[in-house]
Amino acid sequence: MKESKSIGEAINRLSGSPIARKILYSFAVFYLIAFILLPPLLGISFKLDLIDQVFRDEILLNRAKSAIMWSFTIAFIIAILDLIAGIPMAWIIARGKSNLINILDAFVDIPFVIPTVALGFSTLLFWNSNYSPLKFLGVNVSPGFFLILLLHFAFSFPVIVRVMVGELLTYKDVYENAAKSLGAKSFTVARTVTLPILKPGLVAAFLLAFARSLSETGATMIVAGAFENGPIFIKNAKDAGLEGPMVLVSFILIIASITVFGIIRILGTKFRIPIGNVYPDFEALLSKSISVKIRNVLTITIFIFLVFIPSIFITSPVLGAISDGTLVKAISGEGIWSSFWNSMILSYTIGIIATLINVITGFPVAILIARKRLGHIGSILLEAAVNVPIVVPSVALGVSLGFFWRTFSFLSEFWIIIFAHTTITYTYFVQAMAAAIEGIPEEMEETARTLGSKALGVFKNIIVPLTKYSIFSGAILMFTRSVDETGATTAVSQKLQTAPVLLVNWIKGIVPATTSDIALGISFLVLTSFISLLVLRLVVYRRR
Amino acid sequence: MTKVRVVSLTKNYGDIKALKQVNLEVEEREYLSIIGPSGCGKTTLIKLIGGIVAPSSGEIYIDEQNVTDTPIEDRNTGYVFQEIALFPHLKVNENVGYGPLVKGEDREVNRRQVREMLDLLSLEDQASFFPVELSGGAKQKTAIGRALASGSKLLLLDEPLGMLDLKIRNELRYELRKLVKDLNLTAIHVTHDQEEAMSISDRVVIMKAGEIVEVGTPRKLYIHPSKIFTAKFLGEANFLEGKVEKIEGNYYQVNVSGNKLIALGEGAVLKENEKCVLAIRPEYVKLNKKKLNEINTWSCYVINVSFIGSTILYNIITDTGKKLTTKYILTENEPDISVGDKLYATLSSEHLLIYDYPHEGLDKALDLE
């Protein structure tokens with residue numbers, strides 16, 4: 001006991017040494033560069049010589065070009081459509097006074113809770129069911145471009161709403177009152193004052209929706225049919241054993257994504273929302289309470305039919321699975337269910353390990369970013385490096401990571417999947433922690449230091465207690481993201497199957513499974529994600 | 001002509017009564033300030049007039065039109081916010097031109113109005129600056145220009161100078177009054193700064209706990225406040241509890257701990273043997289080293305001397321244990337007084353104010369909460 005106390009004191013004393021701190025931060029930055037940033041960038045460059053194959057095959061080259069073009073086109077269309085539909089929804093949630101708003105607020109997160117594979121399957125089932133609103137109009141939606149649009153609209157929608165609700169809640173309404181006192185109607189206020197002031201939030205929301213659409217693989221695989229965007233092309237090339245096309249499209253997607261993101265970020269800050277013209281009569285009409293009601297009804301209708309029902313439609317065959325004996329088969333681990341439970345254990349083990357690694361290695365980097373310990377430019381560069389994994393499409397990331405980590409022959413497939421997952425989830429934790437640490441006034445740390453606390457003491461007694469919610473929520477987000485991850489895992493895995501990868505195989509018919517099997521398997525995955533997010537919500541509730 | 005009239009205006013926030021049955025009239029081209037301690041309801045009152053919050057009951061008239069249910073954007077008021085609230089994404093000229101723009105003014109007319117306003121406020125050189133590039137004073141001038149350019153004849157100023165440095169605040173307040181008078185506007189100005197209110201207002205409203213305590217000219221409120229709270233809140237005052245012994249015309253003889261004090265009680269309605277409170281401003285308590293044959297003179301000791309720049313405060317204690325504060329303007333021949341000196345304090349009977357003893361108790365009546 002005494003010995004452990006003295007070891008603790010020694011570590012605490014050591015933390016006061018500038019050299020010890022430098023070593024710790026250097027290690028964290030080294031990890032970021034060596035394990036997060038370089039593998040996706042280097043991995044693909046190892047195989048660049050293979051892309052020659054594609055240039056020799058014109059059909060393949062055209063397929064690759066078209067897939068890349070469609071990836072960006074779909075992401076752009078989706079980001080725009082989701083902004084149009086998501087901003088009014090964010091407005092309703094942030095400004096609504098009804099108690100029903102809380103329910104609506106919770107429902108918006110549904111596509112977050114459902115693993116992408118399940119979302120894809122659910123979307124496919126809904127739009128081909130007799131309940132599909134398009135069926136009423138006599139339109140059949142078969143797998144392909146249009147279904148991908150509907151799917152991407154649904155899963156990118158909450159991103160826009162979440163970002164914009166946050167922006168609206170922190171926005172000072174004094175600007176709106178000022179504009180109104182000058183005679184501006186509510187629509188004019190929103191158009192000329194609120195949205196231009198919230199422009200950074202709009203750009204961030206656009207980029208996140210764009211990134212989510214660009215990078216999504218698992219769900220898209222299920223609804224794509226014969227249509228190919230970038231990730232589907234990579235997946236198909238991988239299945240066909242065509243490494244060259246896989247490398248080419250991954251390489252272009254990685255470079256193009258980083259470039260497009262950089263351009264949007266730079267142009268986004270320079271772009272001014274035009275407000276030079278105001279149409280008082282028309283805008284007064286749009287500001288009338290009846291117009292607002294119509295807009296709200298339309299927004300909620302779009303949400304219900306394009307987001308909510310397609311996301312939860314998966315629950316309908318689950319009821320059948322309970323009555324037709326599939327549930328019993330599943331619980332007893334009969335047939336295909338034995339490998340399902342193994343894949344669940346594997347998913348959870350990987351999720352836990354990846355989360356722990358990222359918490360340990362991400363914390364110092366979050367401090368470096370939040371406290372600008374490497375100077376202003378250093379902090380920006382560090383943040384850009386941290387963001388690379390979410391900018392790059394996950395399947396392209398997976399391909400690159402697979403190439404990179406497999407060069408280390410001593411690494412087992414299990415560890416390669418873990419490294420892929422740490423790369424994919426790293427950004428979520430570091431960003432959440434950097435924001436939380438930034439929110440703690442530096443004076444608090446300085447006060448603790450003047451009272452004799454060493455760096456470790458400050459970390460233990462100030463940073464951790466004040467950011468414990470963010471640590472927890474960041475960890476949960478990382479964990480659920482890891483458990484649900486499909487695209488990159490598909491690309492790096494060879495023999496091992498995580499639960500989402502296994503479910504894709506069931507859905508694709510690679511392993512024979514009934515609809516009840518698929519629906520129930522997905523429900524188990526949804527349930528675990530839901531419980532994780534429920535824990536998160538309870539923590540938030542307790543904190544309030 | 002009455003520009004603004006509020007009738008029985010009440011605002012409740014749950015169980016909290018922020019404003020209780022307030023009645024007030026503001027004349028056209030009047031500069032009226034509202035002051036009171038924190039939480040007295042002054043900001044609530046101006047927000048209700050501006051339409052930023054809705055009243056729980058009562059009515060608001062602007063130009064004799066009932067605007068109680070009129071939305072903020074249709075009230076045609078120029079509102080200047082405490083937070084300044086310049087639109088950060090718009091340049092100075094765009095901020096100033098925002099009102100005419102949203103009202104659909106012709107582009108050329110708008111441009112001309114903005115130019116005139118920037119000239120008036122000496123902001124021409126900063127027309128293309130964003131708010132973040134402006135000094136505090138320039139920001140506030142822009143906010144005032146923006147409110148004025150909307151064409152309103154009623155300016156509502158919610159602590160408009162509150163976020164500025166003392167020096168800039170002192171300069172701007174006179175500019176503000178000049179602007180209001182030059183442009184024939186009516187202004188309602190909420191402030192916590194008494195000096196600001198007294199120096200620029202035609203009339204001042206004193207509020208406490210959601211109610212108007214007193215309305216009057218700054219001079220009247222300072223020299224002859226009719227309410228004991230006004231005497232306490234506006235400037236400084238010494239308070240003495242006593243009993244009316246004799247009344248001769250407008251003069252009241254009051255017994256304060258065995259000492260007789262004569263007070264000119266114009267307008268007071270007290271009877272003999274009634275408990276009362278006397279109040280006197282520190283500047284009307286004079287100190288002498290020799291005993292003069294004057295009424296209202298007490299012997300005392302100096303217990304503290306405070307140098308406050310342009311004035312010196314002396315805290316004294318009388319032989320009967322009453323603590324008083326006196327104030328002298330700093331001059332070359334101010335009295336040579338030190339702590340411990342025995343002196344004689346004379347309380348000017350013309351400035352000794354007399355009030356009914358408050359039924360809720362003196363402490364409660366003077367309480368700023």
Side-chain angles (χ1 to χ4, degrees), chain A residues 87 95 97 99 164 167-168 170-204 206 267-293, chain B residues 43 46-47 49-53 70-91 93-107 110-111 113 130-132 142-152 154-160 163:
Chain A
I87 290 171
R95 300 285 166 84
K97 289 180 177 72
N99 287 334
M164 290 315 296
E167 291 286 328
L168 282 167
T170 52
Y171 168 71
K172 289 198 280 183
D173 65 357
V174 71
Y175 294 121
E176 290 188 4
N177 286 332
K180 282 182 183 171
S181 76
L182 296 166
K185 304 286 180 192
S186 57
F187 181 85
T188 313
V189 175
R191 187 176 72 77
T192 60
V193 174
T194 311
L195 291 178
I197 291 177
L198 299 183
K199 195 185 69 181
L202 285 173
V203 173
F206 180 89
L267 289 185
T269 55
K270 296 204 186 308
F271 170 72
R272 284 188 79 187
I273 296 174
I275 59 157
N277 291 311
V278 171
Y279 311 97
D281 295 338
F282 179 61
E283 294 186 12
L285 181 73
L286 292 178
S287 306
K288 283 188 175 203
S289 108
I290 182 75
S291 307
V292 174
K293 274 183 192 150
Chain B
T43 294
I46 200 168
K47 281 186 172 170
I49 295 170
I52 292 170
V53 290
T70 306
I72 173 174
E73 58 267 31
D74 294 331
R75 288 200 185 191
N76 197 23
T77 60
Y79 202 111
V80 180
F81 294 80
Q82 184 181 8
E83 301 93 327
I84 302 179
L86 288 181
F87 305 133
H89 59 297
L90 300 183
K91 293 173 183 170
N93 56 351
E94 291 168 327
N95 261 287
V96 173
Y98 187 83
L101 173 80
V102 296
K103 285 176 179 164
E105 288 273 17
D106 176 77
R107 209 177 269 257
N110 185 350
R111 225 172 273 154
Q113 280 175 323
F130 280 102
V132 74
T142 309
I144 293 164
R146 184 178 68 176
L148 294 176
S150 72
S152 169
L154 173 62
L155 201 52
L156 302 174
L157 305 148
D158 182 5
E159 306 222 17
M163 291 175 86

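Chain letters run A, B, ... following the sequence lines, proteins first and then strands; every chain starts at 1.
Chosen from P88(B), P71(B), S150(B), the residue pairing most often with chain A at heavy-atom distances under 4.5 Å is P88(B). When each of E94(B), R75(B), Q82(B) is checked for heavy-atom pairs under 4.5 Å with chain A, E94(B) comes out on top. Chain A forms more heavy-atom pairs under 4.5 Å with one residue of G104(B), A85(B), G97(B) than with any other, namely A85(B). Comparing P280(A), S186(A), A178(A) by heavy-atom pairs within less than 4.5 Å of chain B, the highest count is held by A178(A).
In this structure, NZ in K103(B) is found 12.5 Å from OG1 in T188(A), a value given to the nearest 0.5 Å. Rounding to the nearest 0.5 angstrom, the gap separating the OG1 atom in T192(A) from the CG atom in L90(B) is 7.5 Å. Taking OG from S181(A) and CG from D74(B), the interatomic distance works out to 12.0 Å, rounded to the nearest 0.5 Å.
When all heavy atoms of V189(A) and Y98(B) are compared, the closest pair comes out as CA-OH, 4.2 Å. Across all their heavy atoms, V102(B) and L182(A) have their closest contact at CG2-O, 3.6 Å. Taking every heavy atom of both residues into account, L86(B) and Y175(A) meet most closely at O-CE2, 3.2 Å.
In this structure, the side chain of H89(B) does not engage the main chain of L198(A) through any donor-acceptor pair within 3.5 Å.
Within the 4.5 angstrom heavy-atom criterion, only side-chain atoms of R107(B), from C-beta onward, approach chain A. Only the side chain of F81(B) comes within contact range of chain A, with at least one heavy atom under 4.5 Å from a heavy atom of that chain. No part of A284(A) comes within reach of chain B, as not one of its non-hydrogen atoms sits under 4.5 angstrom from that chain.
Atom NZ of K47(B) sits in a sparse spot, with 12 or fewer heavy atoms from other residues, nucleotides or ligands closer than 6.0 Å.
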